[in-house]
Amino acid sequence: MDQNDNEDNFMKVFKYYKSNKPKPSLHNVISEQDTSHVVKVFTDNVREDARTAFLGLQNCQKWNLYTFRNHPGLFLIRNPFTGLGQRYWIRKCLEEYPKKPNKTNIDLEEIIDDWWSRCYTNGECNHQLLKKLRWSTLGYHHNWDTKLYTENNRSSFPEDLAELSDIVASYLGHTGFKAEAAIVNYYHMKSTLSAHTDHSEVNLKAPLFSFSFGQSAIFLLGGQNKSTTPSAILVQSGDIIIMSEEARVCYHAVPRILPAKSIPWDDNIQSTDELSIKEATLFKYIKSSKDVISRLNSNSNEEAWSKYCSYIKESRINMNVRQVLNENQTSLVGAEFIGM
Ligand SMILES: O=C(O)CCC(=O)C(=O)O
Ligand SMILES: [Fe+2]
């Protein structure tokens, strides 16, 4: 082994961006305009997906897709959401996804059935409890100790998030993708996420979809060991990062949260009443489109939105969606006998 392989260049960069004294320069942080690192992909013949409007997305023709010269398999879709769409997903992550039977980091101290309602008991905000939520898990629950998914630690995966992931996967040509597990990460202005690879999934060939909302972040992506110096990428509200192929198994981290430069969840807030749908034919996972539309629209009311707004003004939420099983595999039971 080359001596340099032992050197933790990832950690050096992580510490640089995490530091407060001195504060890091953001000069080398890559944004989508950075043509020396980023290449815009021209997607002329992209097929329109009739489901986009229901899930808070703009028409696929308007999406901006980028790849990274130094990171094969890494993609960025720069905010394809509408303002109302961002509000929908932020609210879902706060109000619905931390509810039982989903799991959260707070379970280690106390089991709370409905965290968001508990935070607002008697109309007042319990800030201490509000700040405590760091993650919730959906579908197959990631076991942080064993790093294993198991069949008896699984709940149903949210239909809307499965549908959203399916739309993005299809746009990129991954037609067989199945959303089976997600970690929803909740960050405050001083939070970080240290270097790791996501390798608990049986299927590491399937891409991973990472949806970010709220405040911005520096996202580091390195190589398959920590000797590779990572790139620092600016991730903003509404951005979707896709880790596929080589990038799927690379080290990554979030060393810093940055104040958002704009507020895209306030862009063009208008309700979408004119939507009509032939439900059964359009959606793959969602059973009731009416529910999705009324939820989307309810967030155009500023008063209804205000509690979520005050949370997201000082937080970042990331929904990290994975496929766990191989194609044609229906459960993890007996997985060791079918070629894993
Ligand atoms: O917050 C992010 O952008 C990354 C989260 C992540 O890497 C994970 O949940 O495994
Ligand atoms: Fe990760």
Side-chain angles (χ1 to χ4, degrees), residues 10 13-14 17-18 29-32 66 68 71 73-79 81 86 89-90 93-94 97-98 102-105 133-145 147-149 157 161 165 168 179-201 203-204 206-226 228 230-258 260 312 314-324:
F10 197 107
V13 178
F14 183 87
Y17 283 112
K18 187 183 171 185
V29 178
I30 301 169
S31 69
E32 78 275 10
Y66 302 90
F68 293 77
H71 300 284
L74 183 70
F75 294 88
L76 165 71
I77 303 173
R78 176 81 186 88
N79 184 21
F81 292 91
Q86 295 216 10
W89 291 106
I90 292 166
C93 288
L94 294 172
Y97 297 157
N102 299 335
K103 307 214 165 177
T104 76
N105 61 301
L133 186 70
R134 308 313 300 270
W135 53 260
S136 61
T137 52
L138 321 174
Y140 278 112
H141 300 290
H142 189 254
N143 181 323
W144 303 87
D145 300 323
K147 305 242 185 301
L148 290 173
Y149 295 106
F157 193 91
L161 186 51
S165 309
V168 181
E180 291 167 329
I183 299 175
V184 185
N185 298 288
Y186 304 84
Y187 298 84
H188 307 301
M189 296 317 283
K190 294 198 171 118
S191 309
T192 60
L193 178 72
S194 51
H196 66 279
T197 59
D198 295 299
H199 55 256
S200 304
E201 298 71 29
N203 186 341
L204 295 174
L208 180 156
F209 297 91
S210 168
F211 303 89
S212 295
F213 298 103
Q215 302 308 302
S216 305
I218 297 179
F219 179 75
L220 299 183
L221 189 91
Q224 294 186 26
N225 63 58
K226 290 191 196 165
T228 305
S231 301
I233 298 164
L234 179 67
V235 177
Q236 302 179 77
S237 193
D239 286 356
I240 309 174
I241 293 268
I242 299 96
M243 293 165 74
S244 69
E245 301 156 48
E246 269 178 74
R248 173 66 182 79
V249 288
C250 285
Y251 273 94
H252 56 283
V254 178
R256 195 173 198 97
I257 304 297
L258 298 168
I312 208 64
E314 22 190 72
S315 309
R316 168 176 185 260
I317 300 178
N318 173 266
M319 311 191 292
N320 215 270
V321 179
R322 303 104 193 263
Q323 175 166 341
V324 173

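Counting convention: from 1, in listed order, for ligands and their atoms alike.
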Can the positive tip of R316 be found less than 6.0 Å from the middle of the six-membered ring of Y187, inside 45° of the ring normal? yes
Where does the angle between the aromatic ring planes of W89 and Y97 fall among parallel (under 30°), tilted (30 to 60°) and perpendicular (over 60°)? tilted
Which of these passes side-chain contact (heavy atoms from CB on, under 4.5 Å) with Y186: C93, S315, S191? C93
Is it true that E201 and R248 make a salt bridge, defined as a side-chain N closer than 4.0 Å to a carboxylate O? yes
Look at the aromatic rings of F211 and F81 and report parallel, tilted or perpendicular, splitting at 30° and 60°. perpendicular
From the options T197, L204, D198, select the one residue that forms a side-chain contact (heavy atoms from CB on, under 4.5 Å) with V249. L204
What one should report as the nearest heavy-atom pair of P98 and T104 is O-CG2, 3.6 Å
Going by distance alone, is a donor N or O of one side chain under 3.5 Å from an acceptor N or O of the other, for S136 and N102? no
What residues sit with at least one heavy atom under 4.0 Å from ligand 1? N185, Y187, L193, H196, D198, F219, H252, V254, R316, N318, N320, R322
Candidate pair Y251 and H196, rule ring pair (Phe, Tyr, Trp, His ring centres under 6.0 Å), full reasoning: CA-CA 5 Å; Y251 273 94; H196 66 279; 8.1 Å; no
Everything protein-side that's N, O or S and under 2.8 Å from the Fe ion (ligand 2): list it, residue and atom. H196 NE2, D198 OD2, H252 NE2
